[in-house]
Amino acid sequence: EGIVVVSNFPRDVGITQPQLTDEQIYFWRTQEITNAAGLLGTLLIQFSNDALIASNLKARNLGLGIALSGMLIIAIAGLLMGYLLTRRLQRITDAAMQMAKGNLAVSSRVSGRDELGQLGASFDAMVKRINEDVENILGSKARVQSILDNALEGIITINDKSRITGFNNAAVKMFGYKLDEVIGQPVTMIMPKNPREAHQQGFKNYLETGEKKVIGQVVRLQGLRKDNTEFPMELAISTVVLDGVSSFIGMVRDVSRQRASAEKIERDRQHQQVMAEILTLALEPLSLEQQLKRALVTISGIEAFHTNDECCIFLADASGDLTLIASNGWSEERLERCQRVACGDCLCGLAAATRQLVYADTIDERHSKCLPDMHEHGHYCAPIMHGDILLGVLNIGLVAEHHYSADEAQFVLDITQVLAIMIEAQQSEDSLIKLSQAIEQSPVSVVITDTQALIEYVNPRFCQVSGYSADEVMGKNPRILQSG
């Protein structure tokens with residue numbers, strides 16, 4: 001009926017059920033009480049969620065603390081892991097930078113089974129392989145450099161700017177430059193002035209068109225040493241293209257000795273030919289003047305002498321004074337002026353007085369018989385001797401500033417010996433006998449051929465020099481002398 005019968009607040013017993021109102025942390029719950037007979041009454045209980053709220057707040061605060069602690073731990077762990085990862089990465093980075101600067105003795109100092117550890121191991125393995133490759137390359141380079149430095153021929157390399165990039169020991173000795181004096185310098189520094197422009201134009205033309213004129217061929221040209229002396233050399237050029245850039249390799253051989261040897265062989269051949277021609281003249285039925293004039297024509301044609309085609313022969317009297325008997329290329333004025341020359345006067349008289357060869361490379365104070373406006377010239381003036389007797393003087397005109405050569409001087413003296421044979425033979429009643437004896441005793445080789453160019457006479461000196469006996473060469477062509 002709505003009357004309170006039981007309450008934990010005694011004052012409420014007997015009153016009508018109060019109005020149930022929830023307030024803040026308090027709230028009501030009701031439950032009807034029944035049995036088999038029906039409704040007996042209603043149970044009203046007021047609950048408070050203060051403890052639940054406090055428990056929840058405590059749980060929340062505990063969870064928040066746990067969360068904050070976890071976050072802090074995670075943050076600290078993250079920072080620590082980041083530091084460790086960054087430090088290991090930095091080690092690898094530093095090692096890579098050191099290697100880039102050329103330091104190959106580096107290590108990542110990073111180990112472990114994780115990705116960074118594997119990266120560090122891979123980096124260290126790469127450095128090891130690079131070191132092995134570098135050692136192989138350096139070893140190969142050292143072997144190549146050793147081969148280059150010990151090569152007998154000069155080896156010079158230049159880049160596409162025509163500047164020297166390599167110069168082996170043989171080239172250093174050949175040109176006289178130190179290595180640091182040529183590296184980076186234009187290759188024209190080892191060339192005489194004349195071919196420099198042609199080289200530069202040819203070099204430019206090859207780079208622009210690829211046209212090869214001397215590349216792949218052996219050419220002969222002059223080289224220029226540090227002391228500005230020139231020398232003959234053979235040059236073979238090849239080219240190498242790497243990454244589109246051309247480099248050039250020059251193999252250089254100093255052929256000074258070979259050229260000198262070839263020139264000597266040619267001079268000796270000319271000498272023998274001249275001697276043979278003059279001696280042949282001595283056997284012809286000509287006057288002494290005719291023989292000497294034809295001998296002068298032969299002498300003027302000697303290429304090695306660089307004559308100016310002016311030469312003459314004087315005969316000497318008992319006092320040593322000279323009388324002109326034969327000349328070649330002389331003007332009438334000069335013939336008249338030099339018709340007679342006193343012993344000791346001018347170059348020819350000086351040769352007569354001293355009984356020695358006189359050399360001049362140009363007109364000097366000894367030329368006492370110079371004509372006005374006479375062109376510059378030089379001389380070999382040699383006495384023509386028969387034992388101690390002066391027979392005359394041979395005067396060979398030279399181009400101005402012709403360089404003296406001991407071989408040339410000896411050749412001139414050899415010619416005077418043959419001329420002495422000719423003069424003495426003409427002046428003697430038994431000229432043919434004396435000529436024959438003189439040829440037999442001549443200090444130079446004599447070969448006489450018939451009209452078919454077959455040898456019909458050789459003197460003993462020839463046999464000594466050539467190694468052939470007279471019987472072995474009789475009837476043979478003189479070309480057999482060139483076969484060896």
Side-chain angles (χ1 to χ4, degrees), residues 220 231-232 234 253-283 291-292 294-309 311 313 328 356-357 359 378-385 394-399 402-422 435 438-450 453-484:
R220 284 203 170 190
F231 67 97
E234 288 183 348
R253 176 185 296 174
D254 185 345
V255 294
S256 299
R257 292 184 179 179
Q258 293 90 326
R259 176 175 291 185
S261 178
E263 290 175 351
K264 185 177 187 305
I265 292 173
E266 177 61 20
R267 284 197 307 270
D268 290 345
R269 186 195 65 78
Q270 290 187 17
H271 293 180
Q272 297 294 338
Q273 181 179 351
V274 169
M275 294 295 193
E277 289 180 5
I278 295 175
L279 286 170
T280 302
L281 288 173
L283 298 176
Q291 288 179 345
L292 294 178
R294 289 179 61 177
L296 289 177
V297 173
T298 299
I299 294 170
S300 297
I302 301 174
E303 297 178 359
F305 268 177
H306 298 285
T307 67
N308 62 359
D309 297 328
C311 52
I313 296 175
N328 184 72
Q356 294 181 354
L357 182 141
Y359 163 78
H379 287 286
Y380 280 123
C381 296
I384 303 173
M385 305 293 296
L394 169 64
N395 180 323
I396 300 176
L398 306 171
V399 296
H402 174 74
H403 295 296
Y404 173 85
S405 166
D407 289 340
E408 280 185 358
Q410 184 57 52
F411 182 36
V412 173
L413 294 176
D414 291 342
I415 292 175
T416 63
Q417 292 186 31
V418 178
L419 293 176
I421 295 171
M422 182 182 292
L435 176 60
I439 292 175
E440 285 288 308
Q441 300 170 7
S442 174
V444 298
S445 299
V446 177
V447 179
I448 299 177
T449 64
D450 60 16
L454 299 178
I455 297 174
E456 60 182 14
Y457 172 82
V458 294
N459 70 344
R461 179 59 177 168
F462 167 86
C463 296
Q464 294 174 5
V465 172
S466 68
Y468 288 99
S469 67
D471 292 337
E472 290 175 321
V473 297
M474 287 301 176
K476 303 291 181 64
N477 191 291
R479 285 196 297 270
I480 66 170
L481 303 178
Q482 302 176 5
S483 63

### Query
For His379 and Asn395, what are the C-alpha separation, side-chain angles and deciding distance, and is it a side-chain contact (heavy atoms from CB on, under 4.5 Å)?
CA-CA 7 Å; His379 287 286; Asn395 180 323; 2.8 Å; yes
### Stepwise side-chain hydrogen bond (donor to acceptor under 3.5 Å, both in side chains) test for Ser469 and Asp471
CA-CA 5 Å; Ser469 67; Asp471 292 337; 5.3 Å; no
### Query
Distance-only, no hydrogens or angles: does the Ser261 side chain make a donor-acceptor pair with backbone N or O of Arg257 under 3.5 Å?
no
### Query
Is the side chain of Asn459 donor-acceptor paired with the backbone N or O of Val444 at a distance under 3.5 Å, no angle test?
yes
### Summary
The reported gap from CD1 in Ile455 to CD1 in Ile448 (rounded to nearest 0.5 angstrom) is 11.0 Å
### Arg461 versus Pro443, closest heavy-atom pair with distance
NE-O, 3.1 Å
#### Entry: Heavy-atom pair of closest approach, residues Ile415 and Ile278
CG2-CD1, 4.1 Å
### Lys476 NZ to Glu456 CD distance, which is reported to the nearest 0.5 Å
15.5 Å
### Verdict with reasoning, Phe411 to Met275, per side-chain contact (heavy atoms from CB on, under 4.5 Å)
CA-CA 10 Å; Phe411 182 36; Met275 294 295 193; 4.0 Å; yes
### Query
Picking from Val446, Val274, Leu279, what satisfies side-chain contact (heavy atoms from CB on, under 4.5 Å) with Val418?
Leu279
### Query
Only one of Leu296, Ile396, Ile313, Ile299 forms a side-chain contact (heavy atoms from CB on, under 4.5 Å) with Asn328, so which one is it?
Leu296
### Task
Could you pull out the closest heavy-atom pair between Ala453 and Pro478, with the gap in Å?
O-CD, 3.2 Å
### Query
Under the side-chain contact (heavy atoms from CB on, under 4.5 Å) criterion, do Gln258 and Arg253 qualify, and how do the steps go?
CA-CA 10 Å; Gln258 293 90 326; Arg253 176 185 296 174; 4.2 Å; yes
### Query
Among all residues two or more places apart in sequence or in another chain, which pass the side chain to side chain contact (heavy atoms under 4.5 Å, CB included) test with Ala382?
Leu357, Val412, Leu413, Thr416
### Query
Side chains of Val473 and Phe462: does their closest heavy-atom pair fall under 4.5 Å?
yes
#### Entry: Reported CD-to-CD distance for the pair Gln273 and Glu266, which is rounded to 0.5 angstrom
8.5 Å
### Task
Provide the closest heavy-atom pair for Cys311 versus Ser300 in the form atom of the first, atom of the second, distance.
SG-OG, 3.0 Å
### Query
Is there side-chain contact between Glu408 and His402, with at least one heavy-atom pair below 4.5 Å?
yes
#### Entry: Side-chain donor-acceptor pair present, Gln272, Arg269, cut-off under 3.5 Å
no
### Message
Whether the Asp407 and Ser405 side chains hold a donor-acceptor pair (N or O, under 3.5 Å, no angle test) is what I'd like checked.
### Response
no
### Task
Please collect all side chain to side chain donor-acceptor pair (under 3.5 Å) contacts where either partner lies in residues 438-449, sequence neighbours excluded, each pair once.
Glu440-Tyr457
### Residue list, side chain to side chain contact (heavy atoms under 4.5 Å, CB included) with Arg294, at least two apart or on another chain
Leu281, Glu284, Leu286
